[in-house]
Amino acid sequence: MLRDPSVKYRPFPQVDLPDRQWPNRTITRPPRWLSTDMRDGNQALIDPMDGEKKQRFFDLLVKVGVKEIEVGFPSAGATEFDFISGLVRQDKIPDDVIVQVLTQSRQDLIETSFQSLKGAKKAIVHLYNAVSPAWRRIVFGMSRDEIKGIAIAGAKVLRDEAAKQPDTEWHFEYSPETFSTAELDFSVEVCEAVMEILRPTPEKPLILNLPATVEAATPNIYADQIEWFGRNIRNRDSVVISLHTHNDRGTGVAASELGLLAGADRIEGCLFGNGERTGNVDLVTLALNMYTQGVDPGLNFSDIDEVIQTVEYCNQLPVHPRHPYAGELVFTAFSGSHQDAIKKGFAAQEARNDQIWDVPYLPIDPKDLGRDYEAVIRVNSQSGKGGVAWVLEQDRGLKLPKRMQADFSRHVQALADETSRELNAADIRQKFEAVYLPGVGDRIALVDYEETGAAGQRVFVGRIAVDGVEQSISGRGNGLISGVIDALGSSTGPRLDVVDYSEHAIGHGADAQAAAYVECRTDDGRTVFGVGIDADIATASVRAVLSAANRA
């Protein structure tokens, strides 16, 4: 890399728009959405989609609610042409969906495009030609007037070809390709020349697509360009301003959002942002960004995993595990502090009296996208006590007291360090059972017990096995637990003082079990914890004390 990149690269010029309005606006309604997956996305694939994959992708787009779909480039070859004409002939286009095809501004290609749509109820034909200085000078070697002449000639062919098929409801789109790196006044000049030919009206507007064909500036500059264009184009009420942003600088989503603030009406992009180079704008991210702001995007991603599976199959490209909203890991926390915040957030969410979502680190409820909460917190060597407790609660319904969470977390941390891998719910459950629940290595095991006496003067009589040998024990106390403690201290068990006790039901209904947790202090000052699980809460309490005794 150059130490002084300014000798090779120039900063992008600002737009002279001192009274810009877009920074003070908010997105309050969704745009018109156009998917370019089957055209722009398809041409960017290593192996372009065949007819079966294109049909499957088309069906997915219809299912999620996309109403405008660019289905291909008919003049590119027989696969494209046959698929598009097949959609029309086989009546596979829903009445509320309009298909679009793309064509360069060349007569033979435009004619082929219209032929592919023969018999369609309605369709959009999208015409384009590049207008920026670099393309004029380097690619075409043409003047401004010559470039404008290409656009005018193409518009005339659009008009004439549409007249030959009057039974179809034709709509037109024109793109001054490379708009984002072209002179704004020239873009307006070319677009108005096209409008002179096609004569749009408020009832039947012309779509003017203003693409960031190559993203070359910060998103605010693109927004300035869109606002400037919207202010200066004639007959704005007869124009739909459409945005087609690429992601060369990694800000395609931001550019589209700011472009909407600047007055755009329509967004063109691909599911998960597939497209040439760094991709087109990501429609999923854009739509769900709106959703998290309380705006219905008009697209349904309530089964995000089905969308992912279909796109990955058709594109033969993976969705990154960190992809916004959709990635496998985007709702997952491994860090202890993150896990603790999320766990507390879910607890607070359950206690709220309204539905407003407010959980730390989760900008959207995973369940709204068809995801469950199992993968929200996953445990490895970076995890903390809150994450471990969350997994155990989700897996077994056990709600460990806070100080016990810290005790158990030490065991899980040791296991994670030992195995050097992520621990799943089964690993954590097995470690919990090995540490706290009855096992082969326990010195003391419960055989049977009974409790008698009046309140405040309870008598515990039990049979336990100590090192495999059964014996009877008894003790007195003001309750069951104190009676067990006294019985153990009077026999071969350790002397314990109860510091804390808690209990809860596991599940609901008549078959629900009970969990009891006890924190005790030994006579030498150590803290030990015990857990008991049983269909009877009293028995669960006894088992919890014996669990602590074994750990002492």
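For the pairing with Phe57, the side-chain contact (heavy atoms from CB on, under 4.5 Å) check across Thr310, Leu271, Asn42 returns one residue only, Leu271. With Phe272 as the partner, the side-chain contact (heavy atoms from CB on, under 4.5 Å) test is satisfied by one option alone out of Val311, Asp37, Asn280: Val311. Partner Asp368 forms a side chain to side chain donor-acceptor pair (under 3.5 Å) with one of Tyr325, Trp357, Tyr291 and no other, that one being Tyr291.
The shortest side-chain heavy-atom distance between Asn247 and Arg249 does not fall under the 4.5 Å cut-off. When side chains are defined from C-beta on, Met404 counts as touching Val531, because their heavy atoms get closer than 4.5 Å. Side-chain atoms of Leu317 and Glu312, non-hydrogen and from C-beta on, never get closer than 4.5 Å to each other. The closest side-chain heavy-atom distance from Thr278 to His246 is not below 4.5 Å. At least one side-chain heavy atom of Leu87 sits less than 4.5 Å from a side-chain heavy atom of Lys92. At a threshold of 4.5 Å between non-hydrogen side-chain atoms, the residues Phe408 and Leu400 count as touching. Counting heavy atoms from C-beta outward, Asp40 and His244 have side chains that approach closer than 4.5 Å. The closest side-chain heavy-atom distance from Thr285 to His323 is below 4.5 Å.
The environment of NZ in Lys399 is sparse: at most 12 heavy-atom neighbours from other residues, nucleotides or ligands sit within 6.0 Å. The environment of CZ in Arg410 is crowded: more than 12 heavy-atom neighbours from other residues, nucleotides or ligands sit within 6.0 Å. The environment of Glu52 atom CD is dense: over 12 non-hydrogen atoms of other residues, nucleotides or ligands sit within 6.0 angstrom. Atom CD1 of Ile46 has 12 or fewer heavy atoms from other residues, nucleotides or ligands within 6.0 Å. Residue-environment remark: CZ (Arg429) exceeds the threshold of 12 foreign heavy atoms within 6.0 Å. A 6.0 Å sphere centred on CG of Asn353 holds no more than 12 heavy atoms belonging to other residues, nucleotides or ligands.
From Leu286, atom CG reaches atom OG of Ser256 across 5.0 Å, with rounding to the nearest 0.5 Å. In this structure, CG in Leu283 is found 7.0 Å from CG in Leu299, a value given to the nearest 0.5 Å.
Residue Ile464 comes nearest to Val466 through the heavy atom pair CD1-CG2, 3.6 Å, listed as atom of the first residue, atom of the second, then distance. Of all heavy-atom pairs spanning Val518 and Ala544, the tightest one is CG1-O, 3.3 Å. Closest non-hydrogen pair, Ala287 versus Phe301, comes out as CB-CE1, 3.9 Å. When all heavy atoms of Pro360 and Ile342 are compared, the closest pair comes out as O-CG1, 3.3 Å. Of all non-hydrogen atoms in Ala326 and Val319, the two that sit nearest each other are CB-CG1, 4.3 Å. What you find for Gly275 and Ala44 is that their closest heavy atoms are C-CB, 3.3 Å.
A salt bridge links Asp467 and Arg443; the closest N-O separation between the charged side-chain nitrogens and carboxylate oxygens is under 4.0 Å. Salt bridge annotation for Asp524-Arg495: absent, with no cationic side-chain nitrogen under 4.0 angstrom from a carboxylate oxygen. A salt bridge links Lys63 to Glu306: one of the charged nitrogens lies within less than 4.0 Å of a carboxylate oxygen. Between Asp265 and Arg32 there is no salt bridge, since no side-chain nitrogen of the basic residue lies less than 4.0 Å from a carboxylate oxygen of the acidic one. Remark: Lys431 does not engage Glu433 in a salt bridge, criterion side-chain N to carboxylate O under 4.0 Å. Between Asp407 and Arg403, no side-chain nitrogen of the basic residue sits less than 4.0 Å from a carboxylate oxygen of the acidic one, so the salt-bridge criterion is not met. Looking at Arg371 and Asp365, no side-chain N of the basic residue comes within less than 4.0 Å of a carboxylate O on the acidic one, giving no salt bridge. Ion pairing between a basic and an acidic side chain is recognised when a charged N comes within 4.0 Å of a carboxylate O; Lys367 and Asp372 show no such pairing. Ion pairing of Glu328 with Arg322 is absent here, as no side-chain N (NZ or NE/NH1/NH2) approaches a carboxylate O to less than 4.0 Å. Of the charged side-chain nitrogens involved, at least one lies within less than 4.0 Å of a carboxylate oxygen, so that Arg463 and Glu470 count as a salt-bridged pair.
At least one donor-acceptor pair under 3.5 Å links the side chain of Arg526 to the backbone N or O of Ala552. Ser409 places no side-chain N or O within donor-acceptor distance of the main-chain N or O of Gln405, the cut-off being under 3.5 Å. Although no hydrogens or angles enter the test, the distance criterion places a donor-acceptor pair under 3.5 Å between the side chain of Asp427 and the main chain of Asn424. Looking only at distances, no side-chain donor or acceptor of Asp486 sits under 3.5 Å from a matching main-chain atom of Gly475.
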Assess the residue pair Glu80 and Lys54 against the criterion (salt bridge (charged side-chain N to carboxylate O under 4.0 Å, His left out)); give the C-alpha distance rounded to whole Å, side-chain angles, the decisive distance to 0.1 Å, and a yes or no.
CA-CA 10 Å; Glu80 293 283 281; Lys54 293 198 81 170; 2.6 Å; yes
Given the rule in the side chain to side chain contact (heavy atoms under 4.5 Å, CB included) test, do Arg543 and Leu437 qualify, once you have shown the distances and angles that lead to the verdict?
CA-CA 8 Å; Arg543 293 189 184 281; Leu437 299 185; over 6 Å; no
Stepwise, does the side chain to side chain contact (heavy atoms under 4.5 Å, CB included) test hold for Ile481 with Tyr501?
CA-CA 9 Å; Ile481 291 177; Tyr501 171 83; 3.3 Å; yes
Determine, step by step, whether Arg352 and Asp358 satisfy the side chain to side chain contact (heavy atoms under 4.5 Å, CB included) criterion, reporting the C-alpha distance in whole Å, the side-chain angles of both residues, the deciding distance to 0.1 Å, and the verdict.
CA-CA 10 Å; Arg352 292 175 65 93; Asp358 188 20; 4.2 Å; yes
Check the pair Arg266, Leu34 against side chain to side chain contact (heavy atoms under 4.5 Å, CB included), reporting the backbone distance first and the verdict last.
CA-CA 7 Å; Arg266 184 175 185 255; Leu34 172 87; 3.5 Å; yes
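In terms of the ring-ring contact (aromatic ring centres under 6.0 Å, His included) criterion, His411 has no residue partners (sequence neighbours excluded). For Tyr517, the ring-ring contact (aromatic ring centres under 6.0 Å, His included) partners are His504, not counting sequence neighbours. In terms of the ring-ring contact (aromatic ring centres under 6.0 Å, His included) criterion, residue partners of Tyr361 (sequence neighbours excluded) are, by chain and number, His338.
For Glu70 and Thr36, the side-chain atoms include no donor-acceptor pair closer than 3.5 Å. Side chains of Ser180 and Glu215: a donor-acceptor N/O pair is absent below 3.5 angstrom, by distance only. Between the side chains of Asp47 and Gln316, not a single donor N or O lies within less than 3.5 Å of an accepting N or O. Between the side chains of Tyr449 and Thr539, at least one donor N or O lies within less than 3.5 Å of an accepting N or O. A donor atom on one side chain and an acceptor atom on the other are found under 3.5 Å apart for Glu276 and Gln43. Side-chain contact check for Gln55 and Asp59: at least one donor-acceptor pair (N or O, by modelled atom type) lies under 3.5 Å. Judged by distance alone, the side chains of Trp22 and Asp224 do bring a donor and an acceptor atom under 3.5 Å apart.
Aromatic pair Phe529/Tyr436: centroids not less than 6.0 angstrom apart.
Cation-pi geometry between Lys53 and Tyr313 is met: the NZ or CZ atom falls under 6.0 Å from the ring centre, inside 45° of the normal.
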